[in-house]
> 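Once you've had a glance at the structure underneath, I'll fire off some questions.
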There are 2 protein chains.
Amino acid sequence: MALHHHHEHGGTALTDAAQAALVNAGEQWTDMRADIFAVLATYEKPASAYDIADQVSQKRGKRVAPNSVYRILDLFVATNLARRVESANAYVANSHPGCLHDCIFLICDTCGTATHLDDDRLSGSVRAAAEGAGFAQVRPVIEVRGKCADCD
Amino acid sequence: MALHHHHEHGGTALTDAAQAALVNAGEQWTDMRADIFAVLATYEKPASAYDIADQVSQKRGKRVAPNSVYRILDLFVATNLARRVESANAYVANSHPGCLHDCIFLICDTCGTATHLDDDRLSGSVRAAAEGAGFAQVRPVIEVRGKCADCD
DNA sequence: TCAGAAATGATATATTGTAACCTCAACCGA
DNA sequence: TCGGTTGAGGTTACAATATATCATTTCTGA
């Protein structure tokens with residue numbers, strides 16, 4: 001099924017969806033996790049763990065160590081609440097936590113924003129190529145660096 | 001043209017091809033660059049700048065700072081003598097320095113080795129998707145993490 | 001051969017990522 | 001209730017990756 005109806009979420013709906021997905025995975029939705037997700041979801045670009053640590057520290061009036069942020073980001077990535085952007089060493093919130101996709105990120109070298117594509121046909125081809133080469137447990141990383149329409 | 005004859009090089013032939021490509025780009029083929037390329041070309045996995053710094057330091061009996069290695073790696077990437085593997089923060093020698101391809105890396109999470117695919121049709125689709133979204137000066141990053149046939 | 005450019009060296013520092021161990025609270029069974 | 005276990009987060013230390021700046025050396029072309 002290449003065409004697919006996405007329940008794109010934003011704001012409260014996104015937070016609710018994230019919470020539901022995390023609980024559904026047997027994990028707890030704690031204050032710390034909520035805070036980190038909130039920062040990630042409102043950040044305009046892919047956020048580094050240190051960016052998030054700073055924001056959350058401010059919000060809480062108390063230093064939160066990057067360490068703690070990494071733990072939670074790892075959990076988010078594992079449960080599909082967030083994605084890591086490999087070529088930027090940074091993370092973005094997944095706007096439809098319920099759906100599993102190999103997603104494609106377009107990252108602007110100028111302004112740093114990332115836009116998100118889903119193209120199951122394309123990612124499927126990448127998967128197939130890797131599997132054809134004998135790879136198993138395949139996780140595609142498909143990103144495109146370039147200059148976005150706004151920065152041309 | 002999806003099918004393409006690659007002049008795959010190894011050993012001395014690869015070094016010669018790299019040297020030719022670099023000189024052709026108007027850059028110098030210095031001892032330091034030769035040493036770094038040699039390490040990169042013989043390294044069995046993607047090598048980090050620090051891996052290379054260590055090897056070259058040993059070979060020369062004198063500390064070579066990572067800094068110097070980065071400079072030369074950046075040059076190699078710019079001139080297509082080497083590629084950066086984003087998801088591994090590491091570099092590999094390009095086995096056919098003369099040809100321009102968007103290449104695809106399959107990286108084994110277990111043994112760390114990277115195999116290299118060229119599939120112009122696939123990378124072309126990725127490019128097209130990005131350009132369709134308004135991106136310019138597009139540089140695809142297509143990597144696949146997984147488990148290689150040997151490590152199954 | 002000399003002046004300028006290019007390459008490398010040296011040092012410092014910034015950024016990203018892990019490891020080890022501790023505290024605390026919630027929960028569960030005896 | 002008591003005591004143990006577990007999960008979440010805190011604290012500290014450190015490792016790995018990357019960049020900035022300025023000094024020095026080497027090369028090149030006039």
Side-chain angles (χ1 to χ4, degrees), chain A residues 19 22-23 25-40 43 45-57 59-79 81-92 107 109 112 145, chain B residues 19 22-23 25-40 43 45-57 59-79 81-92 107 109 112 145:
Chain A
Q19 173 170 0
L22 198 59
V23 169
E27 300 286 348
Q28 302 175 33
W29 183 256
T30 64
D31 286 355
M32 186 74 244
R33 291 173 185 185
D35 285 351
I36 287 178
F37 189 84
V39 168
L40 198 57
Y43 220 80
K45 319 179 196 183
S48 78
Y50 284 75
D51 292 336
I52 295 170
D54 289 346
Q55 296 284 310
V56 175
S57 294
K59 183 169 181 173
R60 303 200 142 203
K62 177 169 186 297
R63 173 182 148 87
V64 173
N67 186 342
S68 297
V69 175
Y70 274 110
R71 268 193 303 238
I72 291 175
L73 286 174
D74 288 348
L75 174 69
F76 284 178
V77 169
T79 53
L81 267 67
R83 303 282 192 161
R84 178 173 166 84
V85 182
E86 295 291 347
S87 70
N89 297 329
Y91 299 81
V92 295
I107 303 109
D109 288 327
R145 310 295 312 212
Chain B
Q19 174 172 0
L22 198 59
V23 170
E27 300 286 347
Q28 303 175 33
W29 183 256
T30 64
D31 285 355
M32 186 73 246
R33 291 172 185 185
D35 284 351
I36 288 179
F37 189 83
V39 167
L40 198 57
Y43 220 78
K45 321 177 194 182
S48 78
Y50 284 75
D51 292 337
I52 295 169
D54 289 347
Q55 296 284 311
V56 175
S57 294
K59 182 169 184 173
R60 303 202 142 201
K62 176 167 187 298
R63 173 182 149 86
V64 173
N67 165 340
S68 297
V69 175
Y70 274 111
R71 266 194 304 239
I72 291 174
L73 286 173
D74 289 348
L75 173 69
F76 284 178
V77 169
T79 53
L81 267 66
R83 302 283 192 161
R84 179 175 164 84
V85 182
E86 294 291 346
S87 71
N89 298 329
Y91 300 80
V92 296
I107 302 109
D109 288 328
R145 310 296 311 212

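None of these values were measured; they are calculated from a predicted model. Letters A, B, ... are given to chains in the order of the sequence lines, protein chains preceding strands, and every chain is numbered from 1.
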> Tell me every residue that passes ring pair (Phe, Tyr, Trp, His ring centres under 6.0 Å) with A:Phe76, counting only those two or more places apart in sequence or in another chain.
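Partners of A:Phe76 by the ring pair (Phe, Tyr, Trp, His ring centres under 6.0 Å) criterion, ordered by chain and then number, come out as A:Phe37.
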> Report the distance from atom CZ of A:Arg33 to atom CG of A:Leu22, rounding to the nearest 0.5 Å.
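Reported value, rounded in 0.5 Å steps: 6.0 Å.
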> Output yes when a side-chain donor or acceptor of B:Asp51 lies under 3.5 Å from a complementary backbone atom of B:Ser48, and no otherwise.
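At least one qualifying donor-acceptor pair exists.
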> Between A:Met32 and A:Ser68, is any pair of side-chain heavy atoms under 4.5 Å apart?
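A:Met32 does not reach A:Ser68 side chain to side chain.
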> Rounded to whole Å, how long is the line connecting atom CG of A:Leu73 with atom P of D:dA8?
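Nearest whole value for this atom pair: 15 Å.
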> Tell me: CZ of B:Arg33 to C1' of C:dT8, nearest whole Å?
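From B:Arg33 CZ to C:dT8 C1': 9 Å.
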> What pairs of nitrogen or oxygen atoms, one from the protein and one from nucleotides 25-28 of chain C, lie under 3.5 Å apart?
none

> Given atom CG of B:Asp31 and atom C1' of C:dT8, what is their separation to the nearest angstrom?
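Checked: the CG to C1' distance equals 12 Å.
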> If the sugar-phosphate is the primed atoms plus P, OP1 and OP2 and the base is the rest, what is the B/S/- string for nucleotides 12-26 of chain D, using protein heavy atoms under 4.0 Å?
B----BBBBB-----
> Please report, rounded to the nearest Å, how far the P atom of D:dG9 is from the CG atom of A:Asp35.
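The distance from CG of A:Asp35 to P of D:dG9 comes to 10 Å, rounded to the nearest Å.
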> Could you give the CD1-to-C1' distance, from A:Ile72 to C:dG17, as a whole number of Å?
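Rounding to the nearest Å, CD1 of A:Ile72 and C1' of C:dG17 are 16 Å apart.
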> Is there side-chain contact between B:Val23 and B:Gln28, with at least one heavy-atom pair below 4.5 Å?
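Heavy-atom side-chain distance check fails, nothing below 4.5 Å.
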